[in-house]
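What follows is a short report on a single structure.
In what follows, residues are counted from 1 in the order of the sequence shown. These numbers come from a predicted model, not from an experiment.
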Amino acid sequence: MDKRNFISVTLLVSALAFNTLAAQQLNTTTINQIKTSTVSSSIASILHKRGLDEDAAQEISNNLVEEEDELFALMIDNLVKKCNSLSKDEILEYLSTAALYRQDVHLDSYAQLVQMISKIKQKSLDEKTLTKLSAIAKQNKEIFIS
């Protein structure tokens with residue numbers, strides 16, 4: 001009976017120790033995923049893949065986003081949801097090029113949205129897409145104001 005209690009206690013302690021270790025590792029992984037999913041870090045990652053130094057890429061992307069990462073993310077999500085022909089990756093590629101050339105990007109501007117989509121798709125836009133972009137610009141402006 002003593003051996004069974006000893007084995008049971010050993011298994012219980014091992015399970016408790018392993019669960020806390022696994023929980024800490026899962027928590028660390030989640031935090032790293034959150035850090036890497038921001039707009040500025042995504043742009044920095046693209047610039048780094050293009051050959052820029054990691055610190056320089058991060059600085060350039062921070063200059064574009066200007067501490068409004070959540071706002072950019074909301075506007076990009078709005079654009080992707082409303083304009084079916086675009087993917088988030090295409091938008092991030094465009095934004096990384098704009099950041100590299102130190103261009104200002106305003107996702108609440110109809111003219112800039114038209115320019116961006118035209119450049120990404122490399123074709124002139126139809127009337128339906130232009131109407132969608134007008135609505136998206138208005139919604140993004142409301143996001144920016146609030």
message: Side chains of Asn62 and Gln58: any donor to acceptor distance under 3.5 Å?
response: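 Checked: Gln58/Asn62 side chains pair up, N/O donor to acceptor below 3.5 Å.
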Grab the two heavy atoms, one from [X] and one from [Y], that are nearest each other, plus how far apart they are.
X: Ser61; Y: Ala44; value: OG-CB, 3.5 Å
X: Ile43; Y: Ala99; value: CG2-CB, 4.2 Å
X: Val65; Y: Ser40; value: CG2-CB, 3.9 Å

Spacing of [atom1] belonging to [X] relative to [atom2] belonging to [Y], to within rounding of 0.5 Å:
X: Asp104; Y: Ser109; atom1: CG; atom2: OG; value: 11.0 Å
X: Ser42; Y: Leu95; atom1: OG; atom2: CG; value: 10.0 Å
X: Ile136; Y: Lys132; atom1: CD1; atom2: NZ; value: 7.5 Å
X: Cys83; Y: Leu133; atom1: SG; atom2: CG; value: 5.5 Å
X: Gln139; Y: Lys81; atom1: CD; atom2: NZ; value: 10.5 Å
X: Asn140; Y: Ile145; atom1: CG; atom2: CD1; value: 11.0 Å

Do [X] and [Y] come close enough that some side-chain heavy atom pair is under 4.5 Å?
X: Ile91; Y: Leu107; value: no
X: Lys88; Y: Leu79; value: no
X: His48; Y: Ser45; value: no
X: Arg102; Y: Ile60; value: yes
X: Val114; Y: Ser118; value: yes
X: Tyr110; Y: Leu130; value: yes
X: Thr97; Y: Arg50; value: yes
X: Leu100; Y: Leu47; value: yes

Intermediate values then yes/no, side-chain contact (heavy atoms from CB on, under 4.5 Å), Ile143 and Asp108: CA-CA 9 Å; Ile143 292 171; Asp108 59 341; over 6 Å; no
message: Do the side chains of Lys119 and Glu90 get close enough for a salt bridge, i.e. N-O under 4.0 angstrom?
response: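 No salt bridge links Lys119 with Glu90.
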Any donor-acceptor pair under 3.5 Å from Ser96 side chain to Glu93 backbone: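 Judged by distance alone, yes, a pair lies under 3.5 Å.
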- prompt: Is Asp69 reaching over with its side chain to a backbone N or O of Val39, donor-acceptor style, under 3.5 angstrom?
  reply: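 Yes; at least one donor-acceptor contact below 3.5 Å.
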message: Other residues, nucleotides and ligands only: do more than 12 of their heavy atoms fall within 6.0 Å of CD on Glu54?
response: no
message: Please check if the number of heavy atoms outside Lys82 that lie under 6.0 Å from its NZ is greater than 12.
response: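 No, not enclosed.
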message: Please evaluate residues Lys121 and Leu86 with respect to the criterion side-chain contact (heavy atoms from CB on, under 4.5 Å), reporting the C-alpha separation (whole Å), side-chain torsions for both, the decisive distance (0.1 Å), and the verdict.
response: CA-CA 9 Å; Lys121 295 301 177 183; Leu86 281 179; 4.0 Å; yes
